[in-house]
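In what follows, a structure is listed as structure tokens, so that the remarks can point back to it.
By convention here, the first residue in the shown sequence is residue 1. This one's a predicted model, so the numbers in the text were calculated from it and none came from an experiment.
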Amino acid sequence: RLRLLANACDACAPPDVKGGALCASLARLATHGDERVADLVEGLLAKTAAPVLAGIQRWVCSGRLSPDPAHEFFVQETGEDGDFWASRYELNARMVPTFIAPQVAEKILIVGKTITFLRRCCEDDRPAFAVPNDQAFTYGSHALASVVEEAYQRTNQRVLKALNEDFRLLDHLKALESCVLLAQGDFAMQLVDGLDAAAAKRRGAFGSSGADAVAALDNAIKSSNAARLHPSAVQRLKVVVQEGADISFGLDYDATPPIDAIVDADARTFYAQSFHALRARRRVEARLTDAWRSLALARRVRGLGTMEKRALRKAALARNEMATLSATVSAHVADAFAGAWKRLEEDVNAAQGLDEVRRAHRAYLDSIASDALFAPRNTVRDEDVPPDEDLAAGALATHLEATLAAAQRFCALVDAFVADAVAGDARAITLADRLDDSTQHFKAAARRFTRLLKRASEDEPEATKLAFRLEVVGGVGE
């Protein structure tokens with residue numbers, strides 16, 4: 001007996017053997033053929049496991065950790081102040097006792113995290129989970145796993161109900177899609193024009209305090225279908241100043257607890273970057289509409305020379321080609337948004353816990369990035385197929401931006417040409433030549449984009465859809 005106790009002391013002697021790791025060391029000694037030895041070690045193990053099981057009971061029932069200065073419990077608080085759900089608590093796998101399965105330990109972590117999340121982020125102070133039998137938290141009990149499973153199901157149901165019903169998660173995500181991702185067309189066009197006007201005023205001699213940009217946001221909401229979005233979600237939209245080579249205004253979303261568990265810092269960064277890219281596309285749509293209006297008015301002016309009339313006809317044809325490409329891409333993006341949103345709704349409604357909701361939102365953002373923004377998809381390629389370096393580097397999005405930028409430069413030249421032609425200025429002849437050059441530049445950029453799109457369509461279903469759309473409308477870049 002003394003020899004066995006000495007062996008037990010030797011097994012527990014290393015300074016890092018503590019808590020659950022201490023239980024694991026004793027459990028290895030308990031697998032002994034001599035029943036007397038096994039009974040002795042089992043008695044030691046029951047006493048050693050008691051503090052661990054008491055910590056589990058406190059954590060599962062109240063979401064609070066017992067004082068643990070030596071970090072012996074397998075659930076540990078990190079002290080990080082960032083993403084509360086993702087980084088505040090972690091599982092130390094080395095401290096998980098051998099009598100607790102890894103899946104059960106993971107659920108124990110989630111149960112306590114969920115209770116704490118409900119209390120701190122959802123202001124839900126109702127009693128958490130009441131255990132009908134304390135014997136489940138004694139060594140050797142076979143009821144621990146079932147009690148943890150019941151607590152896991154109950155707490156997940158509570159947090160999902162709080163997110164979906166009390167805090168209207170889908171309403172917030174819909175506001176992000178409609179406004180920050182500019183999926184709501186009438187809102188997007190008014191906002192882009194308003195923010196551009198505010199930015200131009202800020203760069204002017206008198207400057208701007210940003211009140212013009214805030215007013216532009218309010219006006220875009222009130223005079224569009226965005227006014228039908230839930231008021232608590234729309235109120236979180238805010239204008240931000242983006243200082244750089246060219247001063248502009250952006251759109252951000254004030255995600256507070258518990259919504260920030262889903263729309264975390266990485267998601268907000270993605271939304272901000274997506275707003276910048278999608279606003280550039282919407283701006284091109286607006287400029288093409290303005291160019292159509294200018295050309296239509298110019299054709300009604302009497303007294304234009306033959307050269308001016310010919311240039312106007314050529315410019316109108318070129319503008320129509322550019323508008324066709326822009327409208328086709330916009331229609332494709334709208335379909336991508338609709339498909340991604342449908343999958344997000346289905347995944348959120350079918351989620352069994354907060355982690356599944358977070359994964360559903362990340363999958364939604366990945367779908368938007370690849371299908372609407374044409375960013376490289378985050379998938380593992382077949383080892384037998386060499387990666388396409390151009391596509392992997394996001395060249396598809398780059399070429400689309402270059403094509404639309406060429407269209408925007410063309411629209412600026414149209415405005416200048418129409419003004420000079422109507423005024424009878426001789427500079428109109430020079431601008432007509434520049435319009436021809438700008439048209440050729442757009443056609444070359446469009447051809448590069450369509451060629452790359454066909455290469456991408458070999459692997460990407462969404463690229464195949466866009467390539468088919470462009471084939472149907474025909475003539476883009478030719």
Side-chain angles (χ1 to χ4, degrees), residues 78 80-89 110 113-124 156 158-184 187-188 191 195 210 213-214 217-218 220-221 226-242 249-279 337 340-341 343-345 347-349 351 353-369 372-373:
T78 63
E80 297 182 14
D81 295 328
D83 187 340
F84 181 88
W85 177 263
S87 60
R88 189 61 177 267
Y89 297 97
I110 292 175
K113 273 204 317 182
T114 303
I115 295 172
T116 307
F117 181 82
L118 284 166
R119 183 172 58 249
R120 294 189 181 183
C121 300
C122 302
E123 300 179 354
D124 185 351
N156 278 338
R158 275 180 59 184
V159 75
L160 290 174
K161 181 178 182 296
L163 280 172
N164 293 327
E165 298 181 13
D166 300 338
F167 291 92
R168 308 183 69 92
L169 171 64
L170 286 175
D171 285 335
H172 289 279
L173 297 181
K174 190 62 178 178
L176 279 162
E177 182 197 57
S178 299
C179 299
V180 180
L181 296 181
L182 301 176
Q184 187 69 51
F187 167 84
L191 179 68
L195 292 184
V214 175
L217 173 61
D218 291 339
I221 292 173
R228 299 182 180 180
L229 298 171
H230 198 273
S232 65
V234 174
Q235 290 170 0
R236 295 172 181 264
L237 295 169
K238 61 179 182 180
V239 174
V240 294
V241 180
Q242 297 174 335
F249 292 101
L251 201 60
D252 195 10
Y253 196 80
D254 185 17
T256 57
I259 302 301
D260 62 349
I262 311 301
V263 187
D264 54 18
D266 290 340
R268 288 179 63 183
T269 299
F270 173 84
Y271 279 114
Q273 293 173 346
S274 300
F275 174 80
H276 177 75
L278 294 168
R279 178 179 59 179
F337 276 132
W341 178 257
R343 291 189 295 272
L344 175 64
E345 276 190 313
D347 292 344
V348 168
N349 291 329
L354 185 54
D355 281 323
E356 291 188 18
V357 176
R358 287 166 59 90
R359 284 194 291 271
H361 185 241
R362 283 196 294 269
Y364 165 75
L365 297 184
D366 288 343
S367 179
I368 294 297
L373 300 177

- Item | Candidate pair L176 and Y271, rule side-chain contact (heavy atoms from CB on, under 4.5 Å), full reasoning | CA-CA 8 Å; L176 279 162; Y271 279 114; 3.9 Å; yes
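- At a threshold of 4.0 Å, the pair D83-R358 counts as salt-bridged, since one of the basic side-chain nitrogens sits closer than that to a carboxylate oxygen.
- Looking only at side-chain heavy atoms (C-beta outward), S367 and R343 come within less than 4.5 Å of each other.
- Under the 3.5 Å distance criterion, the side-chain polar atoms of S274 are left unmatched by any main-chain donor or acceptor of L181.
- With hydrogens and angles left out, the side-chain atoms of T116 and R88 include no donor and acceptor closer than 3.5 Å.
- Heavy-atom neighbours of H230 NE2 from other residues, nucleotides or ligands within 6.0 Å: above the threshold of 12.
- For I368 against A340, the heavy-atom pair with the smallest separation is CD1-CB, 3.9 Å.
- Using a cutoff of 4.0 Å between basic side-chain nitrogens and carboxylate oxygens, R119 and D124 are not scored as salt-bridged.
- In this structure, the side chain of R268 engages the main chain of Y253 through a donor-acceptor pair within 3.5 Å.
- Contact between F187 and A226 at its shortest, heavy atoms only, is CD1-CB, 3.8 Å.
- At a threshold of 4.5 Å between non-hydrogen side-chain atoms, the residues C121 and F84 count as touching.
- Looking at W85 and D355, their side chains do bring a donor and an acceptor atom within 3.5 Å of each other.
- L160 approaches V357 most closely through the heavy-atom pair CD2-CG2, 3.6 Å.
- With a 4.5 Å cut-off on side-chain heavy atoms, C122 and F117 count as touching.
- For the pair I110/N156, a side-chain contact is recorded, criterion being any heavy-atom separation below 4.5 Å from C-beta on.
- L229 has its side chain out of reach of I221: every pair of non-hydrogen atoms, C-beta onward, lies at least 4.5 Å apart.
- Between atom CZ of residue R236 and atom CD1 of residue I259 there is a gap of 6.5 Å, rounded to the nearest 0.5 Å.
- Residue D252 forms a side chain to side chain contact (heavy atoms under 4.5 Å, CB included) with just one option from L237, V180, V240, and that option is V240.
- When every heavy atom of L191 is checked against every heavy atom of F275, the shortest pair comes out as CD2-CE1, 4.0 Å.
- Counting heavy atoms from C-beta outward, L118 and R158 have side chains that approach closer than 4.5 Å.
- What you find for I262 and H361 is that their closest heavy atoms are O-ND1, 3.3 Å.
- Qualifying salt bridge (charged side-chain N to carboxylate O under 4.0 Å, His left out) partners for R279, counting only residues two or more places apart in sequence or in other chains: none.
- Within the structure, every pair that satisfies the salt bridge (Lys or Arg N to Asp or Glu O under 4.0 Å) test and touches residues 166-183, not counting sequence neighbours, is listed here: R168-D171, K174-E177.
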- Message: Would L354 and T114 count as a side-chain contact (heavy atoms from CB on, under 4.5 Å) here? Give the steps.
- Response: CA-CA 8 Å; L354 185 54; T114 303; 5.8 Å; no
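- When atom types are taken as modelled, the side chain of D264 and the backbone of D260 share no donor-acceptor pair closer than 3.5 angstrom.
- Taking each heavy atom of A255 and V263 in turn, the nearest pair found is CB-O, 3.8 Å.
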- Task: Report the C-alpha separation of L217 and F249 in whole Å, then their side-chain angles, then the decisive distance to 0.1 Å, and conclude whether the side-chain contact (heavy atoms from CB on, under 4.5 Å) test is met.
- Result: CA-CA 11 Å; L217 173 61; F249 292 101; over 6 Å; no
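- Here the CG-CG distance, from N349 to L344, works out to 9.0 Å after rounding to the nearest 0.5 Å.
- For the pair L373/F270, a side-chain contact is recorded, criterion being any heavy-atom separation below 4.5 Å from C-beta on.
- Rounding to the nearest 0.5 Å places OH of Y364 at 10.0 Å from CD of E345.
- Between the side chain of H172 and the main chain of F167, a donor-acceptor pair closer than 3.5 Å is present.
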